Structures are given as C-alpha cells and as structure tokens.
Novice: 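Attaching a single structure in structure tokens format; questions to follow.
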There are 2 protein chains.
Amino acid sequence: MTGQVRTVDGRVAGRRGQETRQKLLDCLREMLSTSPYRDVKVIDVARMAGTSPATFYQYFPDVEGAVLEIAEEMAKDSVELKELVDGKSWAGKSGTTTSEELVDGFLAFWRKNDAILRVVTLGAAEGDKRFFKIRMTVLNSVAKPLADAVKDLQAKGQADRAQDAAAVAGSLISLLASAAEHQKAFTSWGVKIKDLKPTLAPLVYLGVTGKKAPK
Amino acid sequence: MTGQVRTVDGRVAGRRGQETRQKLLDCLREMLSTSPYRDVKVIDVARMAGTSPATFYQYFPDVEGAVLEIAEEMAKDSVELKELVDGKSWAGKSGTTTSEELVDGFLAFWRKNDAILRVVTLGAAEGDKRFFKIRMTVLNSVAKPLADAVKDLQAKGQADRAQDAAAVAGSLISLLASAAEHQKAFTSWGVKIKDLKPTLAPLVYLGVTGKKAPK
DNA sequence: AACTTGTCCTGTCATGCCGTCAGCTTACCG
DNA sequence: CGGTAAGCTGACGGCATGACAGGACAAGTT
C-alpha cells in the first residue's frame, strides 16, 4: 500500500478532507495553466477553491509540494506512452507508421499536460532532484523501449552499431520534448503544425534505423 | 542610439547610477544561477548589491523587468552563433565538421547562458511575448542560416526537396536547444556528455542533407 | 566658501501574501 | 448523547512589495 493520505500535521484524511484536497489540486492545476508560475499564490488557489489559505497548508507544505503531487499523477499516466514503441516494427513501411504514431502520441501527451510539464521542466533544469526524477519517468517511458528497439536493430545489423543506443534514444526523445514544448515557435518560423509531423517523423526514423525514410 | 538609460521615474542615469544599475543586474544574474527563479526576491538582490530594495525599484519595474534586460543583453551576444553556419560547407567530410562545430558551439553558448535561458524558456512557454521574442532571436540566429543552407542544398538537388526547409531547421535547432537544456538527463541515461556530440552531429547532418553521415 | 542644480540613495509607510496556531465546528461511532 | 478525531478558519507576526519624500553627494557657478 502507498499508505493513506495524510495532512501535514499527521492526521489521516477522510472523505471530506480528500475532496477538499483534490479540489485544491484541481484549482492549482487550473491556475498553472492560466498564470505565470512565479505569480501563482496560495491565497489565489485557496480563494478559487472556496476555502482559506490555512486549509491549503493543512494538505501541502507549500505551492511546490502541491505541484509535485500533480506532477506525480501525470507521471503515472505516462506509462501509456510505452505502447507507442513497445512491440512496434521498424522494418520498411511499418517503420514509417511507427515513427509517425510515436511523434503524434508524444506531442498529444505533452499538449495535454502542457502547464504542469512546463513547471516540471523548469524545476528539473534548476537542479531539483524530485522534478528531475519525474521528468525522467515521463521521458523514460518512451526512451527505454526506444533504446531497446535500437539495440535490437543493431543486433540484427539493421542499424549503425557505432552509435550508442541510449544516446540516440535520448536525443530523439529530447527532440520530441522540445518540439512539443515550443510548438508556437514553429508557427513563428512559418511552419504549420501539420508540417511538424512530416518533419519530425523522418528524423526519428533516421535516428533509429540510420536509413532514409521510404516514401 | 538606443537612448540613454533611464530610471523608472524618468530621470537620466549618470555614471554612478549606471554602475549601481549594472551591479544590480550582475547580482540578479548571479542569484538566478544559484536559486530557483520562483524564490528570487528583490530584497536578496539588493542586499547582495549592498543597496536597498528601493534602489532596485528605481531602475526596474520588478524582477521580471530586470530579467528581461539581462535576457536582451544575451540575445545580442547570440549573433555570434550565425558564424557556426554561415558560409559553411555541407558537402561530404566538411559537412561532418560543420555539423560537429554547430553542435559544439550551440551547446557551449547554452551552457554559458544557462540560468537566464532557463527563465527565458519558461517565460516563452508561458506565452509571454517579450520572452518569446528573445528566445526566437537566439534560435533564429542559427535557424535562419540553417534553413538557407537546406534550401541551397535542395536547389542543388543534394537534399530532399519534399521537406520544408524551415521546419527541418527548426526541428534541428529545437533538438539542440533541448539537449543543451537537459544535459544532466543524458548522464542519467548512462550517456556521457562526450557521447552527446557524436550522437547529435550525425542527426544534424542527416536532417540537413538527408544522407547518412560519412565515416 | 557658499550656493545651485540635478543625480543618487534610503528611511518609512501602507499594503498584501506567507505560514502557523489555537480553537471552533462538523462528522462519525459506540 | 457524549466522546473523539477530522476539518476548517480567524488572527497574527513576519517579510516582500512598491511608492514617496527628503537627505547625501558631486560638480559646476558665483
């Protein structure tokens, strides 16, 4: 068991308490997606949830603590990303499909969790181990199976053995993450979002197989 | 002329004033690289600069305003990045060198401006137009010449014409930016930093030319 | 040296958020 | 119905914010 939900001062939270707690998390998530992280205040979250700041501090040590909670929830969801790579084929035409679905699925996940991932990314970049770990959980859910796929192809002589499989997978996932984070940047380069998949997918295919994508 | 430096209340800053202002900026830059953005307080910056919070507010509207200043300075420096691509050759072996130097130079620039770029990236992701513009200035200093290079190769039939040059360049720059931002992530994948260049450079080469990198 | 002018800095104050605690209310159970 | 633990909040000291007025200072003028 993960143990019951507890308040900061050690009480176990009952039905009503968990509801309040959840409402606070929901409101915080909402706030994160509408105002800059730096400006998210406990008092605003509490007000939005129709409760008082003191209540917030009953359930979370501070804003960061609550954010971590939301992030961990999201990290759990990220297991679904494994399916984008696990057991997929990279041979010929089906490899193209695999890479396209990977790009699509990954971008969609990132878009869905946009706001919280922004904060996680910042925290990780600033050297916070907890955020870093969460970010790794998300990226690993794709990077691990992808590295395995590369190793597999290398073993079968269908990919460049000189490349470090983990480094290749990591770079590609970084590519997807960054493209996902800054979709707006592309439009300002005159690139339409729909042009993004046709560009990223061949890069992924190229990185994994070392071959040019077939038409 | 960019116009003289002015205080918030409109006075022109003299020699001494500019020194104080600069010292505040330097201390803020220092703070950004040692503590989380969310926790950077005016009072700490002022204390470190041996002055009072009121003085800070003479020169900057708020922390964000000062951060923008630092970011703009950095954006100016980013013109040096153009040299990494402008007039370089992508043919054969020298193409490999070009891509390697591009990766190296870009990662170095990002490492040098680590802290401020983190904040700029966050601001841009949160939709702040000013930060977004600064980020684009930095990325464009490489993306523009890179897109030109791709177009050039396409015209000469040495690259896939079906690809959108701007999208390719943008994706590759995104790749570099993201790898640069999260160099730590790679080490946790068991990838050494020195393995990063040999992985990224071929990807860049592949993206630009559509061909596998020569040995 | 006294005076003037404009720059530069800070003490102080009102305001608002933070984070804690004591104590009140509510729900559940025997 | 009374006991117990959960749930909530008003109130408070502390600190950051941001505005202002006034004092310190440098440099030039008479």
Side-chain angles (χ1 to χ4, degrees), chain A residues 2-28 30-32 34-69 119 123 128, chain B residues 2-32 34-70 119 123 128:
Chain A
T2 357
Q4 298 132 307
V5 179
R6 287 188 175 272
T7 59
V8 168
D9 56 332
R11 282 198 332 277
V12 285
R15 203 207 78 243
R16 191 154 71 112
Q18 297 208 18
E19 268 174 29
T20 305
R21 205 183 118 98
Q22 193 56 50
K23 190 187 268 184
L24 283 167
L25 284 177
D26 291 344
C27 290
L28 175 55
E30 165 84 22
M31 293 240 73
L32 283 176
T34 54
S35 48
Y37 179 46
R38 202 170 197 281
D39 298 342
V40 171
K41 307 286 177 197
V42 169
I43 199 170
D44 296 322
V45 177
R47 250 199 293 261
M48 184 185 280
T51 179
S52 79
T55 302
F56 182 95
Y57 287 106
Q58 279 232 316
Y59 296 107
F60 311 103
D62 50 24
V63 172
E64 205 182 71
V67 166
L68 269 169
E69 197 96 352
V119 180
D128 187 302
Chain B
T2 356
Q4 297 133 305
V5 179
R6 288 188 175 272
T7 58
V8 168
D9 55 332
R11 279 201 335 277
V12 283
R15 202 207 80 243
R16 193 153 71 108
Q18 297 209 19
E19 269 173 28
T20 306
R21 204 183 119 98
Q22 193 56 49
K23 189 187 269 183
L24 283 167
L25 284 178
D26 291 343
C27 291
L28 175 56
R29 186 188 268 117
E30 165 84 22
M31 293 240 76
L32 283 176
T34 54
S35 49
Y37 178 47
R38 204 169 194 282
D39 298 342
V40 170
K41 306 288 177 198
V42 169
I43 198 167
D44 296 323
V45 177
R47 248 198 295 262
M48 185 185 279
T51 178
S52 79
T55 301
F56 182 95
Y57 287 106
Q58 278 230 318
Y59 296 106
F60 311 102
D62 50 24
V63 171
E64 203 182 73
V67 166
L68 268 169
E69 197 97 353
I70 295 175
V119 180
D128 186 304

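For clarity, every value in this text was computed on a predicted model and none was experimentally measured.
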Novice: Using a 4.0 Å heavy-atom cut-off across all strands, classify B:R16 as base, sugar-phosphate, or nothing.
Specialist: sugar-phosphate

Novice: What is the distance, to the nearest angstrom, from the CZ atom on A:F56 to the P atom on D:dG10?
Specialist: 18 Å

Novice: Just how far is it from atom OG1 of A:T34 to atom CG of A:D44, taken to the nearest 0.5 Å?
Specialist: 9.5 Å

Novice: Taking the nucleotide of DNA chain D with the closest heavy atom to each, which residue, B:R15 or A:A13, is nearer the 5' end?
Specialist: A:A13

Novice: Ignoring backbone atoms, establish whether A:S52 has a side-chain N or O less than 4.0 Å from OP1 or OP2 of D:dC8.
Specialist: no

Novice: Can you find a pair of side-chain heavy atoms, one from B:Q22 and one from B:Y59, that are under 4.5 Å apart?
Specialist: no

Novice: On DNA chain C, does the nearest nucleotide to A:Y57 precede the nearest nucleotide to B:G17 from the 5' side, or the other way round? Give the residue.
Specialist: B:G17

Novice: In whole Å, what is the span from the CZ atom of B:F60 to the C1' atom of C:dC8?
Specialist: 14 Å

Novice: Return the value, rounded to whole Å, for the distance between atom CG of B:L24 and atom C1' of C:dT10.
Specialist: 13 Å

Novice: Answer yes or no: is there a donor N or O on one side and an acceptor on the other, between the side chain of B:R38 and the main chain of A:V40, under 3.5 Å?
Specialist: yes

Novice: Rounded to whole angstroms, how far apart are CZ on A:R6 and C1' on D:dG7?
Specialist: 16 Å

Novice: Salt bridge check, A:D26 against A:K23: does any charged N sit closer than 4.0 Å to a carboxylate O?
Specialist: no

Novice: Does D:dT9 have OP1 or OP2 sitting under 4.0 Å from an N or O in the side chain of A:T51?
Specialist: yes

Novice: Does A:T20 put a side-chain nitrogen or oxygen below 4.0 Å from OP1 or OP2 of D:dG7?
Specialist: no

Novice: Using whole Å, report how far CZ of A:R38 lies from P of C:dC18.
Specialist: 13 Å

Novice: Could you tell me which non-hydrogen atom of A:L25 sits nearest to which non-hydrogen atom of A:A66, and how far apart they are?
Specialist: CD2-O, 3.7 Å

Novice: Rounding to a whole Å, what distance do you find between B:Q58:CD and D:dT17:P?
Specialist: 16 Å

Novice: Tell me which nucleotide among D:dC20, D:dG10, D:dC8 gets nearest to the side chain of A:A54.
Specialist: D:dG10

Novice: Indicate, with a heavy-atom threshold strictly under 4.0 Å, whether A:Y59 touches base, sugar-phosphate, or nothing.
Specialist: sugar-phosphate

Novice: What's the CZ-P distance between A:R11 and D:dA6, to the nearest Å?
Specialist: 6 Å

Novice: Can you sort out which residues in residues 39-49 of chain B have a heavy atom within less than 4.0 Å of DNA chain D? Ascending by number, please.
Specialist: B:K41, B:V42, B:I43

Novice: State which of D:dA6, C:dC9, D:dC20 makes the closest approach to the side chain of A:V12.
Specialist: D:dA6

Novice: Using modelled atom types only, decide if a donor and an acceptor are shared between the side chain of A:T7 and the backbone of A:R11 within a distance under 3.5 Å.
Specialist: yes

Novice: Can you list the steps and then say if B:E69 with B:L28 is a side chain to side chain contact (heavy atoms under 4.5 Å, CB included)?
Specialist: CA-CA 11 Å; B:E69 197 97 353; B:L28 175 56; over 6 Å; no

